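Numbers restart at 1 for each chain; the letters A, B, ... are given by sequence-line order, proteins then strands. Since this is a predicted model, take the numbers as computed values, not measurements.
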Amino acid sequence: MPELPEVETIKRELEPHVVGRELTAVNICDTKIVAHLSPKILKDRITGKRIESLKRRGKYLLFRLSSGDYLIIHLRMSGAILLNPQQPLPHTRLILRLDDGTELVFTDRRRLGIVSLTDSEKPVEDKLGPEPLKPHFTAEEFANRLQRRKAPIKAVLLDQKVIAGIGNMYADEALFKAGIHPLRPANSLSLQETERLHTAIISTLRSAIKNKGASVETYLRPNGETGTAHFHFKVAHRGGRPCPTCGTPIQRLPIRNRGSYFCPCCQKY
DNA sequence: CCCGGAACCTGAAGGC
DNA sequence: TGCCTTCAGGTTCCGG
């Protein structure tokens, strides 16, 4: 499941291969993945354009084109982008060919990912809160946002308008690191707890990026290799296994229909 | 605005 | 063996 660290890894590993290159051919294999405009218009508007830069914002990838447009890709649950795969891949949705022969292949087993085109960053920007790894994500601003919400902290961490880029796995890992129960109402956290969580979010994401993301389910890096961040998970996807700190079995609890993993001993309500 | 639940989607896994 | 149900979760939509 691509979250911020996975999308950041893809961005970094794709960047040197795509920036400055021209899109010479666009093959939309599954028109259903194109959102907000017709597949034909998207294809016509990006073919022949140069990729000026590649940026990640939250879980979105934005390719800025020489036309001034932004080609936007969101991988959702099962999307991946592969560079020059050795053989045809199952669930291929989109193929971009560049002027040096490079091929970018967007695959998506569950078909929930989207490709779109906009003339500014605004549509993406409007959906998202602060980037957690940028200096403007401060503990004060974080505390402010939490104070307005009484929903479970786990649910609030998944709200992209509160913080951009956190998903189910890293929400669980950050809450464990901060020692906070996932069902605690967001506005019940003390200032100290909020600061611990703020720090935990940043260190959890940084460490996952160092490990090139977590390969659970279908996530792969553009070169086809897996990430290693999941080997360092303490609670995420580890229901029933002993907590690495105290040995208590990790519990699984559905919150907002998402499996939430936590240690009932280290994260008391 | 805020909240929780359902829908979208497909393949894997488990029950019978 | 095979059919059926359940589960996985990022985002959006909807009713309260």
Side-chain angles (χ1 to χ4, degrees), chain A residues 1-11 29-37 56-62 72-81 89-94 106-116 118 122-129 131-132 144-175 182-189 201 205 208 213-220 226-227 229-230 233 235-240 250-262:
Chain A
M1 270 70 68
E3 304 180 21
L4 186 153
E6 289 73 31
V7 182
E8 178 66 20
T9 301
I10 292 169
K11 183 253 172 189
C29 316
D30 178 1
T31 56
K32 197 189 164 300
I33 59 155
V34 179
H36 310 307
L37 76 168
R56 178 196 60 74
R57 179 75 170 91
K59 302 170 196 168
Y60 290 84
L61 283 172
L62 297 88
I72 295 173
I73 297 185
H74 195 299
L75 301 170
R76 293 278 177 92
M77 303 295 302
S78 56
I81 298 177
L89 300 171
H91 317 300
T92 294
R93 310 294 176 195
L94 171 73
F106 171 42
T107 72
D108 184 13
R109 198 185 72 185
R110 275 180 219 172
R111 235 178 156 197
L112 292 168
I114 61 119
V115 174
S116 193
T118 65
K122 191 167 184 301
V124 168
E125 209 54 47
D126 283 351
K127 297 175 202 283
L128 302 175
E131 278 293 318
N144 260 331
R145 289 179 185 261
L146 296 193
Q147 251 151 33
R148 286 180 261 147
R149 310 288 296 264
K150 66 168 189 189
I153 182 64
K154 169 66 186 287
V156 174
L157 288 179
L158 297 179
D159 183 340
Q160 302 299 295
K161 291 210 84 144
V162 174
I163 320 170
I166 297 188
N168 203 39
M169 303 182 295
Y170 297 110
D172 284 352
E173 287 300 304
L175 286 169
L183 280 178
R184 288 274 305 283
N187 61 7
S188 77
L189 268 59
I201 287 167
L205 296 175
S215 284
V216 302
E217 299 258 328
T218 54
Y219 165 75
L220 290 176
T226 57
H230 53 296
F233 281 170
V235 292
H237 293 111
R238 295 176 56 83
I250 302 299
Q251 266 184 25
R252 179 184 179 279
L253 180 72
I255 300 178
R256 288 269 239 146
N257 270 336
R258 272 90 192 97
S260 294
Y261 299 92
F262 70 103

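Going from atom CE of Met1(A) over to atom NE2 of His237(A) covers 4.0 Å, rounded to the nearest 0.5 Å. Interatomic distance, CG of Leu183(A) versus CG of Leu175(A), reported as 10.0 Å (0.5 Å rounding). Note that NZ of Lys154(A) is 16.0 Å distant from CZ of Arg184(A), once rounded to the nearest 0.5 Å. Atom CZ of Arg57(A) is separated from atom CD of Gln160(A) by 10.0 Å, given to the nearest 0.5 angstrom. A distance of 10.5 Å separates CG of Leu112(A) from CZ of Arg109(A), quoted to the nearest 0.5 Å. Thr107(A) contributes atom OG1, which lies 12.0 Å from atom CG of Asp30(A) (distance to the nearest 0.5 angstrom).
In summary, the side chains of Tyr170(A) and Glu6(A) do present a donor paired with an acceptor at a separation below 3.5 Å, with no hydrogens or angles considered.
For the pair Ile255(A) CD1 and dG5(B) P, the interatomic distance rounds to 11 Å; values are reported in whole Å. Atom CD in Glu6(A) sits roughly 13 Å away from atom P in dG9(C) (whole-Å rounding). Taking atom CZ on Arg110(A) and atom C1' on dA7(B), their separation rounds to 15 Å, with Å as the unit. The interatomic distance linking Leu183(A) (CG) with dC3(B) (C1') rounds to 15 Å, in whole Å. Rounded to an integer number of Å, the gap from CZ of Arg93(A) to P of dC9(B) is 11 Å. In this structure, Lys161(A) places its NZ atom 16 Å from C1' of dC3(B), rounding to the nearest Å. Atom CG of Asn257(A) and atom C1' of dT6(C) are 12 Å apart (whole Å). Rounding to whole angstrom units, NZ of residue Lys32(A) and C1' of dC9(B) are separated by 7 Å.
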List the steps and the verdict of side chain to side chain contact (heavy atoms under 4.5 Å, CB included) for Leu128(A) and Lys161(A). CA-CA 4 Å; Leu128(A) 302 175; Lys161(A) 291 210 84 144; over 6 Å; no
Given the rule in the salt bridge (charged side-chain N to carboxylate O under 4.0 Å, His left out) test, do Asp159(A) and Arg149(A) qualify, once you have shown the distances and angles that lead to the verdict? CA-CA 11 Å; Asp159(A) 183 340; Arg149(A) 310 288 296 264; 3.0 Å; yes
Could you go through the side chain to side chain contact (heavy atoms under 4.5 Å, CB included) check for Thr9(A) and Tyr219(A) one step at a time? CA-CA 11 Å; Thr9(A) 301; Tyr219(A) 165 75; 3.5 Å; yes
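Nucleic acid contact for Gly113(A): none, since no nucleic acid atom lies under 4.0 Å from a heavy atom of the residue. Using a 4.0 Å heavy-atom cutoff across all strands shown, Pro152(A) reaches sugar-phosphate atoms only and no base atom.
With the end axes of the helix from dC2(B)-dG16(C) to dC16(B)-dG2(C) each set by five pairs, the angle from one to the other reads 50° at 10° resolution.
Minimum heavy-atom separation, Ala80(A) to Thr218(A): CB-O, 4.4 Å.
Heavy-atom distances under 4.0 Å link DNA chain B to Arg149(A), Lys150(A), Ala151(A) of residues 144-151 of chain A, given in residue order.
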Strictly under 4.0 angstrom, non-hydrogen atoms only: write out the protein contact profile of nucleotides 10-16 of chain C, one letter per nucleotide from the 5' end, B, S or -. BBS----
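Proximity of His91(A) to the phosphate of dG11(B): a side-chain N or O atom is located under 4.0 Å from OP1 or OP2.
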